[in-house]
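Have a look at the structure below before the remarks.
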Amino acid sequence: MTQPFRLPGVGRLDAGKPLAFTFDGKSYTGREGDTLASALLANGVHLVGRSFKYHRPRGFLSAGPEEPNALVGIHRDAARKTPNVRATVQELYDGLAAVSQNRWPSLAFDIGAISDLNAPLFSAGFYYKTFKWPRAAWDRLYEPAIRRAAGLGNAPDKPDPDHYANRFAHCDVLVIGAGPAGLAAALAACETGARVILADEQPVPGGRLRFEADARIEGKSGWDWAEETVARLAARDNVRVLTRTTGFGYYAQNMIGLVERVTDHLANPDPNAPRERLWQVRAKRVVLATGAIERHMVFPDNDRPGIMLASSARTYLNHFGVAVGNRIAVYAAEDSAYAAAIDLKKHGVGIAAIIDSRAAPESPAVEEARALGIDVLAGHAVIGTDGRLRVRRVHVAPISGGPHREFQVDALLTSSGWTPAVHLFSQSRGKLAFDEATQRFLPGLYVQDAVSVGSCNGTFDLASSVNEAFDAGAKVAKEAGFRKPRARQMEASSGTPWSIGMAGASPGVEPGTSKMAFVDFQNDVTAKDIRQAVREGMRSIEHVKRFTTTGMATDQGKTSNLHGLAIASQMLGKPIPEVGLTTFRPPYTPVTFGALVGHSRGRLFEPTRRTPTHDWAKAQGAVFEDVGQWKRARYFPQVGEDMHAAVARESRTVRETAGIFDASTLGKIEVVGPDAARFMELMYTNPWAKLGVGRCRYGIMLREDGFIYDDGVVGRIAEDRFHVTTTTGGAPRVLHHMEDYLQTEFPDLKVWLTSTSEQWAVIAVQGPRSREIIAPFVEGIDISDEAMPHMSVREGRVCGVPARLFRISFTGERGFEINVPADYGLSVWKSIWAEGQKHGACAYGTETMHVLRAEKGFIIVGQETDGTVTPDDAGLSWAIGRKKADFVGIRGLRRPDLVAEGRKQLVGLKTVDPQIVLDEGAQIVADPDQPVPMKMIGHVTSSYWSSNCGRSIALALIENGRARMGERLYVPMPDEMVEAEVTSTIFFDEKGERLHG
Amino acid sequence: MAETARRTFALEGRSYDGDGISLAPAGPASRISLRAPAESLAALSEALGLDLPVRPKASARKNARAALWLGPDEWLVIDEGGADLMAICARVAALHSAVDISHRNLAILVSGRRVEDVLNAACPQDLSVARFPVGAASRTVFGKAEIVLWRIGEDAFHVECWRSFADYVFGLLDAAGREAVR
Amino acid sequence: MLLIHCPYCEEERPEAEFRHAGEAHIARPQNIAEISDEEFERYFFIRSNPKGLVFERWRHIHGCARFFNAARDTVSDRFLKTYKAGEPKPALDGEG
Amino acid sequence: MKKYSAFAIAREALRGNTGWPEQWSSPEPKKSYDVIIIGGGGHGLGTAYYLAREHGITNVAVLEKGWLGGGNTGRNTTIIRSNYLYDESAALYNHAIKLWAGLSQDLNYNVMYSARGVMMLAHNVHDVQVFKRHIHANRLNGVDNEWLTPEQAKRYCPPLEISRDARYPVVGAALQRRGGTARHDAVAWGYARAASDRGVDIIQNCEVTGIRRGPDGAITGVETTRGPIKARKVGVVAAGHSSVLMQMADVQVPLESFPLQALVSEPVKPVFPCVVMSNSVHAYISQSDKGELVIGAGTDQYTSYSQTGSLSILQHTLEAICELFPMFTRMKMLRSWGGIVDVTPDRSPILAKTPVKGLYVNCGWGTGGFKATPGSAHVFAHTIARDEPHPINASYTLERFRTGRLIDEAAAAAVAH
C-alpha cells in the first residue's frame with residue numbers, strides 16, 4: 001500500500017496525481033506540497049540519518065528548518081548534488097532522488113556505529129587528551145581516521161551548472177516571518193502606503209497556523225485567514241511577498257540578507273531561473289516576526305527515530321495529513337503538546353499516554369485530553385526508550401518514586417516548551433534580556449530600527465500576538481514617514497495555549513547518571529557531556545559550547561541551546577544569565593555559497609579589461625598576461641616559437657628596425673588648471689615649474705614615508721595642462737592619492753584631475769626606423785629630431801584623427817608613443833602595423849618591453865621596487881628637485897634608516913657564465929661557503945636573456961651595491977652556486993646614443 | 001595621405017531584448033568632464049546653452065546636449081550630436097577644466113518594465129522613481145564596475161561606463177536581464 | 001555594508017560607493033621638511049584608534065568623488081555625523 | 001596536573017568521565033604579582049607558561065576580560081606557516097613552527113597541529129616573482145618552501161581549478177609542507193592548563209580599566225573590574241584592544257583595529273587536504289577535522305571594535321573560493337563571525353619593551369597572529385623576564401616607525417605593477 005500513514009481527507013494537500021521519489025534507491029510516492037520528510041513519514045519511514053559522532057540512527061525531530069537529524073543528500077544529476085539538505089525543508093518534486101549520509105555500508109547497518117558502543121571513550125573533549133604519541137602518528141594515523149569519521153554528506157565534485165542571482169532592494173518596512181503576527185504587521189504597514197517586503201521561509205505563509213488547526217482569526221479559520229491575507233497583500237503594488245525566503249543575517253544599519261530558494265522545489269526548472277537569489281534589503285524599519293522553536297525533552301535515549309517534537313507531529317497531521325505513528329505517546333512539560341495528542345486521537349490514532357513531568361498540570365488541554373480518554377500521567381518522567389532503528393517502547397516512572405511502566409509505541413512526541421526565535425534580533429546587536437518568570441531570553445534593548453512581534457517577542461497567545469503585530473506594523477510605517485492607519489482590534493483565538501515549560505535535563509537525568517540524554521542531537525552532545533565540561537573548568541557557556549561542540553552543528557543549536565545553558569547553569573549553581581548566552585552568529589540557517597556569490601562567477605567574477613587592439617593581438621596569436629584586471633599581450637609567438645624564441649626575435653627586431661607595442665593600459669591623468677605646475681611640484685619629487693610646453697619629464701611619486709609609489713612620463717601640453725602617465729596597476733591608486741592631497745591638504749590650488757586612461761589608445765613605435773614608420777600618418781607635427789627631440793610632446797593628427805604624439809623611449813631607441821582616441825586605436829594600430837611590415841618591424845609584448853628596458857637599466861615600479869625602496873636606492877637621486885621646499889615624501893626620505901649606510905641599491909649583475917639566466921627573486925650572498933641561515937645581501941629583481949647583449953642580464957638590489965662595482969657575488973641555487981659580477985645597470989648603449997641615432 | 005582612421009565601438013553588435021528589458025549600446029557622443037568653481041557656472045552655462053545643474057543628482061538637458069551633476073564642481077557633459085565641447089569650453093575665459101572623455105566613456109541604454117530590478121541586480125542604490133526620479137543622475141557602482149546612471153524615462157536608464165568595463169557591465173546586465181522573471 | 005550620508009550628495013548612499021581614508025583631522029605639517037623624526041612619526045604613523053568616537057575620513061569615490069569627514073562610534077559602527085572636508089571637528093559625545 | 005593519556009581516557013570511561021579535574025583553577029586575584037599579563041588568548045597564556053617554565057617566574061597573573069581564547073585565538077582560521085620573506089620574520093615564525101611541532105607533547109594537551117601543507121597560489125607574473133623571492137630567501141634561511149607547477153599544485157590539492165581559461169589562472173604555487181593548522185581552542189586551553197599547573201593565576205572576567213605608574217613613571221600595577229592589582233611588570237597582549245590599553249599608560253602606538261571575518265561551511269566528508277591561500281584572488285581555505293571548510297575573509301575597510309563585519313566581505317571571499325574551486329558553489333555557509341585585528345603600518349607585529357619601565361607590549365599581528373603563538377609567547381616571556389628582547393624579536397620595536405627600519409612584509413608581497 002502506498003503512503004499508509006496518509007490519512008484520507010486530512011490535511012491541506014491535494015490528493016491528485018502522486019509524485020514519485022526515491023530515498024536510498026527505494027521508490028516511494030508523495031503529494032504535491034509535501035516535504036521530503038512528510039512524504040517519507042506518509043510511507044512510514046522514520047530512519048533517515050546517522051548522528052555525527054556515534055553514528056546513532058536518527059529520524060525526524062521536527063517539521064522545519066530547526067531540524068538537527070534528518071539531513072540527506074539530494075542528487076539531481078551528476079553535477080547537481082547537494083549535501084546536508086534538511087528533509088523537513090526540501091519540498092518534494094516528481095523524480096526527487098535523496099540519499100542518506102554519514103553511514104557505511106548502509107543506513108540500517110552502519111559500521112561507524114561501533115563508536116556508539118564505545119561512547120564513554122569519546123566523551124566531550126576526548127581528542128584533546130590523547131593521540132599525542134607517537135608524535136608523527138597524529139598526522140599519519142589519528143587525524144586521517146578522525147577526519148574520515150567526521151563530516152556529514154559528500155561535497156559535490158563537479159562545477160555547479162546552476163546559476164544564482166542577486167537583488168538589492170529598499171523598503172520602508174521589512175517583515176520577516178509570515179505567521180499570524182507577520183501577516184498582521186504587514187497588513188497594517190501596507191495600508192499606510194509604505195513600501196513593504198514580507199518574507200517567509202516556507203513555501204506557504206501561515207507559520208504556527210500550519211499546525212494550529214483550531215486557530216481562528218477575524219471569524220475565519222486561521223489558515224483561511226492567512227491565505228486570504230497573503231493574497232490581499234500580494235495584490236498590492238506597494239507590497240512584495242517573498243516565499244521560500246529566509247532572513248538569514250541582520251547587518252549594520254538595517255541591511256538584511258534574505259535568501260530565496262527559486263528552483264529547488266521544481267522538477268523541471270526554467271533554465272533561466274536562478275537556483276537561489278540573494279536579497280540585500282535596506283529597510284527603514286524591520287518587523288521581526290520570526291516565531292518560536294519548540295524544544296525537546298532531555299531524557300535518556302531521547303534520540304531514537306520516531307521521537308519527535310509535538311508541534312511537528314501536529315504539522316504532519318494537520319497540514320500534510322500524515323500520522324507519524326499508529327500508537328503514540330507524548331512526553332511534555334508544558335501544555336501545547338497536549339494538542340498533538342488530542343488532534344491525533346481525534347483522527348483515530350492510538351495515544352498510549354501523555355507523560356507530564358509537572359506534578360499537577362492544570363489546563364483546559366489536560367481536561368480535554370482526559371475527556372478524550374487519554375491516559376495522562378502527571379509527575380512522571382520517561383526514563384528510557386527501546387528500539388534500534390525506531391522507538392518501540394517507552395519506560396516511564398513516577399518522579400517521586402514508584403513502579404516503572406512500559407508503553408509499546410511507534411512514536412513519542414516531546415515538548416519542553418518554546419524558545420522565542422531571537423536570532424535575527426541578536427544579530428542586529430540588540431541586547432537580550434532573560435525573563436526569569438518564563439525562563440526565556442527575550443528582545444531587550446534594540447540598537448537598530450526594528451521591532452519584534454508575536455512569539456519571537458514572547459507573546460505566545462494568538463490574539464495578543466496578532467494585535468501586537470498589527471499595532472507595531474502601523475507604528476513602524478508611521479516612523480518611516482507614513483500616516484498611521486486606523487487602530488483596529490483583531491479578533492483571534494487558538495485552542496491550546498502555549499505554557500512556560502522547562503529547560504535543561506528532564507527528571508531522572510541527574511548528574512552522575514550514565515544514561516545518554518541528548519541535548520544536541522546532530523553533534524551527539526548529552527547532558528553528561530555538558531556536566532563534564534563544567535567539571536573540567538569550562539565556566540563560560542562559550543567554553544562549554546566549544547569543548548562539547550553543543551550548538552555548533554548545522555542546526556546551530558536551535559532546539560538545544562537553552563537546554564545546554566540550563567544544564568551548565570545548574571552545575572555552576574549560577575542563574576542562566578550569569579552563565580551567558582552564546583552569540584547568535586549569522587546565518588540563521590545555512591546559506592548556499594552560490595547565493596552569496598550571485599552573478600560573480602566565471603566571466604563575471606571580475607571585469608576583464610581589454611585594450612582596443614586586443615582582438616587583433618589575439619588573432620595574431622599573442623599570449624596574454626594578467627596585469628591587474630587588464631589582459632596585456634605578453635609576446636607574439638610565430639609558428640614554432642616558444643616565449644624565449646619570440647622574445648629574442650622581438651627584442652632584436654626592435655633594436656634593428658622597429659617594434660610596435662600597445663601601451664594603452666598605462667594610467668593617464670590630465671592635470672588642468674592655473675596651479676597645475678604647483679600641484680605637480682608637490683606630488684612628484686621632480687621640478688616642474690620650468691618644464692616647457694611641449695616637453696616631457698620622467699617623474700617619481702613618493703608616499704609621505706619617502707618610498708617610491710609610482711613613476712611615469714609627464715608631458716606638458718599647455719601652461720595649465722599636464723598629461724601624466726602612471727603604471728598600469730597604479731592608475732586608480734595614484735589618482736586617489738593625488739585627489740587626497742588636492743582636496744584635503746592643498747584645497748586652495750586651482751587645479752583639477754581627470755582620468756584619461758581610457759580616452760587614449762597608446763601605440764608605442766620604438767626603434768631606429770620608428771620615425772619612418774609613423775611619418776606617413778602624422779599631420780601637423782614636424783617630427784624631425786630638431787623640431788621634436790627626445791622627451792617632447794606635440795598635438796596634431798595621426799591617421800586623420802586628433803592625437804598626442806610623444807617622443808619618448810622605454811627601450812633606449814628612438815621612439816614615439818602615439819595617443820589617439822581609444823575607438824580609433826585599432827584602426828591606427830593596423831595602419832602603423834602595415835607600414836611597419838614594410839620596414840621589417842614587429843609587434844612586441846610586455847615581456848620584450850621588460851627585456852629592452854632592463855638592457856637600459858630602467859626600473860619597473862613593483863619589480864625593482866617593493867614599497868621599501870627610496871629614489872636613491874633605485875639610483876634615481878637625480879630625479880629629486882634639490883631646491884624644492886616641499887613635495888610629498890620630502891620628510892620621510894630623511895628619516896635615519898632611509899639615509900643610513902648599507903641600504904640596498906640597484907645595480908646590474910652579470911653572471912660569470914653568460915649563458916646562465918638567474919631566477920628573478922634569487923637571493924645574493926657575499927660568502928658562498930657559509931652555512932644556513934645564510935646572510936643575504938640582496939636579491940635579483942629582474943633577469944632576462946638579452947639577445948641584444950648576447951648574454952644574460954640582471955638587475956639586483958644589493959647592500960651598498962654601488963660601492964661594489966666589479967665585485968664577485970654569489971647566488972646560491974638549490975643545485976649550484978652561481979657566480980656573478982656587480983655592474984652598472986645599463987647593459988646596452990651605455991652612452992644613450994641610439995635615442996637620437 | 002593615408003586614409004582616416006575608422007572608429008571601432010567596444011559593444012559593436014551587442015544587444016538584448018527580453019521580457020520587460022532591453023539593452024542596447026548608445027550611439028557615439030562627445031563628452032567632457034567639466035570641472036569648475038561656482039563663479040564660473042554662469043559663463044559655462046551660457047557657452048554650453050544649458051544651465052549646469054547645482055543640485056546633487058540633478059541633470060539638465062537641452063536638445064542633444066545634457067549636463068549631469070556628478071559632484072559639487074564636476075559635470076559630465078554629453079552631446080549626442082557630436083558637437084565639439086572642448087572647443088566650446090575653450091572659448092570660456094572663466095576658470096574651469098574641460099577634459100575630453102568622448103572615448104573613455106560609452107553608454108548602454110537599459111529600458112523596459114523590469115529596468116529597476118535588472119539594475120538592482122548589481123547596483124545598491126534605491127532606484128525607485130521616488131528616490132531616483134526621471135532626470136536624476138549619479139555616479140555609482142554596478143557589481144565591480146563604476147558607472148554613471150542617468151534616468152531618462154520612467155522605464156529607461158542611460159548607463160555610462162569606461163570603455164574597458166563595457167564588456168563586463170553589458171555582460172552583467174545581460175545576465176540579470178535573462179534571469180527568469182519573478 | 002554601511003549606509004553613509006554624503007555631505008555633498010546630501011543623501012545616504014551604500015558603502016560600496018565609498019572608500020575609507022583613515023583618521024581625520026591629522027593635518028600635514030606646513031613645515032613638514034623641518035619637523036623632527038618624532039613629529040613625523042606622530043603625523044604619519046601614530047593613530048588614536050579609539051574604542052568609541054572616531055573622527056575619520058571617507059571618500060565618496062564612486063559618487064561625487066569628494067573626501068569628507070565622519071564621526072562614528074567604533075563600537076556600534078553608528079555614524080553620528082558626516083561633514084565636509086575642511087569643516088572643524090564637531091563637539092560630540094561617543095555612544096560608549 | 002592529571003596527565004592526559006589513552007590510559008587515563010580508558011580509566012575515566014569506566015567511571016563515567018566524572019573524575020576529570022578542572023583543567024585550570026580559577027582563583028580570586030591576589031593583591032600583587034611579579035608579572036601581570038593582560039589578555040588571556042594564546043599569546044598571553046603562552047607568555048605566562050614560558051615565564052614559569054623557562055624563567056622560573058610563577059607569581060604571574062593572566063587577566064582576561066572575558067573568557068580564555070575568546071578573542072582572536074578563538075576566531076581565526078588557524079593557519080600556520082613561516083614562509084615569510086625577511087630574515088626577522090622568518091626567524092620569528094620559524095621559531096614558532098619548531099615549537100608547534102612539539103607543543104602537544106610539551107603541554108600534554110593535543111593541540112592538533114596538523115602539518116598538512118600551506119599552498120599559496122600564484123596567478124600572474126608578478127606573483128611568480130614575489131613567490132620565487134620568498135622561496136629563495138626561505139631556503140637560505142632554512143625555511144621550507146617550494147615551487148610547484150600548476151599540475152603539481154592540482155595533485156597536492158585535487159579540487160583546485162587550474163584551467164588556463166580561468167579568470168585568474170593558477171600559474172604556479174609556493175608550498176610549505178610544514179605549514180598547516182592547529183586547533184585554536186586547544187592552544188588556549190593547553191597553555192592555560194600547563195601555566196595553571198605551574199602556579200600561574202588565570203583570572204577570567206577581569207577587565208583592566210587602568211594602568212598604574214609610580215612617580216618615576218614606572219609601572220606599579222593595574223586597575224581592574226575586580227580591584228587594583230600590583231605588579232612591577234605588565235605585559236599587554238590584547239590583540240584588537242592594544243591601542244586602548246596602551247593609552248591607559250600614555251603610550252601612543254601606530255595601530256588601527258579592523259573587523260576581520262571568517263566563516264565555515266557545513267561539515268562534509270574529507271575533500272580538501274591542505275591549506276590554500278591566494279593573495280591575488282583573496283581566498284584562504286582549509287578543511288577542519290570536523291569536516292567544515294574553514295574560510296578566511298578579509299577585513300572591512302573601516303576601523304571598528306564591533307566584532308562584526310559586512311556581508312559584502314564574505315561575498316567577496318566566497319566569489320574567490322568558488323572561482324578557484326567551482327564545485328563548492330553548492331556548499332553552504334554554516335556560520336560566520338568577526339574578530340578585531342590590530343594592524344601596524346608595516347603589517348609586522350610589535351613585540352617589545354616600551355618607553356614606560358616595566359611595560360611590555362605584544363601587538364599588531366594583524367590577520368596573522370595565530371601561527372606565531374608559541375614563538376611569540378616564548379620570546380615575549382624572555383623580553384619580560386630579562387627586560388631585554390630575545391635576539392629573535394629584537395627588531396620588532398616600537399621605534400622602527402620613527403627611524404624607518406620597517407619589516408614590511410606587506411610591501412614585499414602586495415605591490416602590483
Side-chain angles (χ1 to χ4, degrees), chain A residues 82-84 120-121 123 128-132 143 146-147 150-160 251 257 514 532 536-537 540 542 546 554 585-586 590-594 596-597 600 605 625-626 727 729 860 862-863 866-868 895-898 919-923 932-934 936 939, chain D residues 4 6 9 13 16-17 20 22-24 67 70 104-105 109-110 114-115 124-125 129 132-133 136-137 140-142 167-168 185-186 266-271 289-291 310-311 314-315 318-319 322-323 326-337 403-405 408 411-412 415-417:
Chain A
T82 315
N84 304 343
L121 292 174
S123 68
Y128 299 125
K129 295 171 182 152
T130 184
F131 303 132
K132 299 186 296 293
E143 191 183 38
I146 287 178
R147 283 182 169 253
L152 291 166
N154 291 312
D157 54 5
K158 292 193 171 53
D160 184 357
Y251 298 90
S514 61
Q532 184 200 333
E536 290 199 41
S540 153
E542 286 289 350
R546 284 156 178 267
T554 64
R585 288 169 164 164
V591 177
T592 307
F593 286 3
L596 295 166
V597 168
S600 301
F605 168 57
E625 68 163 326
D626 287 296
T727 56
I860 300 263
Q863 186 165 346
D866 63 4
T868 66
R895 290 180 295 154
D897 282 319
L898 275 73
D919 222 6
E920 283 173 352
Q923 299 290 317
V932 167
M934 293 178 116
M936 292 169 256
H939 76 282
Chain D
Y4 290 160
I9 286 185
N17 286 298
W20 296 111
E22 282 198 329
Q23 300 203 5
W24 58 85
W67 37 282
S104 294
Q105 294 74 27
Y109 206 99
N110 189 355
S114 168
N124 53 47
V125 176
Q129 290 165 344
K132 291 256 176 103
R133 185 178 169 196
H136 287 297
L140 302 192
N141 265 324
R167 175 64 189 86
Y168 293 109
D185 293 327
E266 292 185 344
V268 285
K269 291 292 174 193
V271 61
D289 285 347
K290 211 184 153 201
S310 305
L311 180 60
L314 301 179
Q315 291 180 276
L318 288 173
E319 287 165 12
C322 292
E323 189 62 16
M327 71 278 283
F328 288 160
T329 321
R330 294 179 98 85
M331 295 286 292
K332 284 174 252 160
M333 173 170 85
L334 172 59
R335 191 164 62 236
S336 66
W337 64 92
T403 64
R405 190 166 204 83
D408 208 333
V415 183
H417 57 269

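For the numbers below, each heavy atom of this structure counts, side chains included, while hydrogens, waters and symmetry mates do not. Chain letters run A, B, ... following the sequence lines, proteins first and then strands; every chain starts at 1.
Ranked by heavy-atom pairs under 4.5 Å with chain D, the first of A/G257, A/P933, A/P586 is A/P586. If you tally non-hydrogen atom pairs under 4.5 Å between each of D/L334, D/L318, D/V271 and chain A, the highest count goes to D/L334. Contacts with chain A were tallied for D/H136, D/R330, D/M333; D/R330 has the most, counting heavy-atom pairs under 4.5 Å. Ranking D/W337, D/Y109, D/F328 against chain A, the residue ahead of the rest is D/Y109, based on heavy-atom pairs under 4.5 Å. Ranked by heavy-atom pairs shorter than 4.5 Å toward chain D, the options A/N154, A/D160, A/T554 are led by A/D160. For chain A, the option among D/P267, D/G142, D/C322 with the highest count of heavy-atom pairs below 4.5 Å is D/P267. Note on D/G70, D/G291, D/S104, D/S310: by heavy-atom pairs under 4.5 Å with chain A, the leading option is D/S104. Ranking D/E323, D/Q315, D/R405 against chain A, the residue ahead of the rest is D/E323, based on heavy-atom pairs under 4.5 Å. The residue among A/T82, A/L152, A/I146, A/L898 with the most heavy atom pairs within less than 4.5 Å of chain D is A/L152. Counting heavy-atom pairs closer than 4.5 Å to chain D, the top residue among A/P590, A/P896, A/P159, A/G537 is A/P590.
Under a 3.5 Å cut-off, the side chain of D/N17 and the backbone N or O of A/P120 do form a donor-acceptor pair. At distances below 3.5 Å, not a single donor-acceptor pair connects side-chain atoms of D/T329 with backbone N or O atoms of A/G594. At distances below 3.5 Å, not a single donor-acceptor pair connects side-chain atoms of A/K129 with backbone N or O atoms of D/A6.
Heavy atoms closer than 4.5 Å to chain A are found in both the backbone and the side chain of D/E266. With a 4.5 angstrom heavy-atom cutoff, A/Y128 touches chain D via backbone and side-chain atoms both. With a threshold of 4.5 angstrom between heavy atoms, A/D626 approaches chain D through its backbone and through its side chain. Residue D/N141 touches chain A through both its backbone and its side chain, counting heavy-atom pairs closer than 4.5 Å. Contacts between A/S514 and chain D at a heavy-atom distance below 4.5 Å are absent for every atom of the residue.
Here the closest non-hydrogen pair linking D/S114 and A/E143 is OG-OE1, 2.6 Å. Contact record, A/G151 with D/K269: O-NZ, 3.5 Å, taken as the closest heavy-atom pair. Scanning all heavy atoms of the two residues, the minimum distance from D/K290 to A/A150 falls at O-CB, 3.7 Å. Across all their heavy atoms, D/T403 and A/R895 have their closest contact at O-CB, 3.7 Å.
Using a 4.5 Å heavy-atom threshold, the side chains of D/N124 and A/E625 count as separate. The side-chain heavy atoms of A/Q863 and D/Q129, taken from C-beta on, include a pair separated by under 4.5 Å. Side-chain contact between A/D866 and D/R133 is present, with at least one heavy-atom pair separated by less than 4.5 Å. Residues D/S336 and A/R585 have side chains not in contact (no heavy-atom distance under 4.5 Å, counting atoms from C-beta outward). Inter-residue side-chain proximity for D/K332 and A/T592 is flagged as met; some heavy-atom pair is nearer than 4.5 Å. Side-chain contact between D/M327 and A/D157: absent, with no pair of heavy atoms (C-beta onward) separated by less than 4.5 Å. When side chains are defined from C-beta on, D/L311 counts as touching A/L596, because their heavy atoms get closer than 4.5 Å.
Partners of D/W67 according to the ring-ring contact (aromatic ring centres under 6.0 Å, His included) rule, which considers only residues two or more places apart in sequence or in another chain, are A/H543.
Atom CG of D/L140 and atom CD of A/Q923 lie 6.5 Å apart (nearest 0.5 Å).
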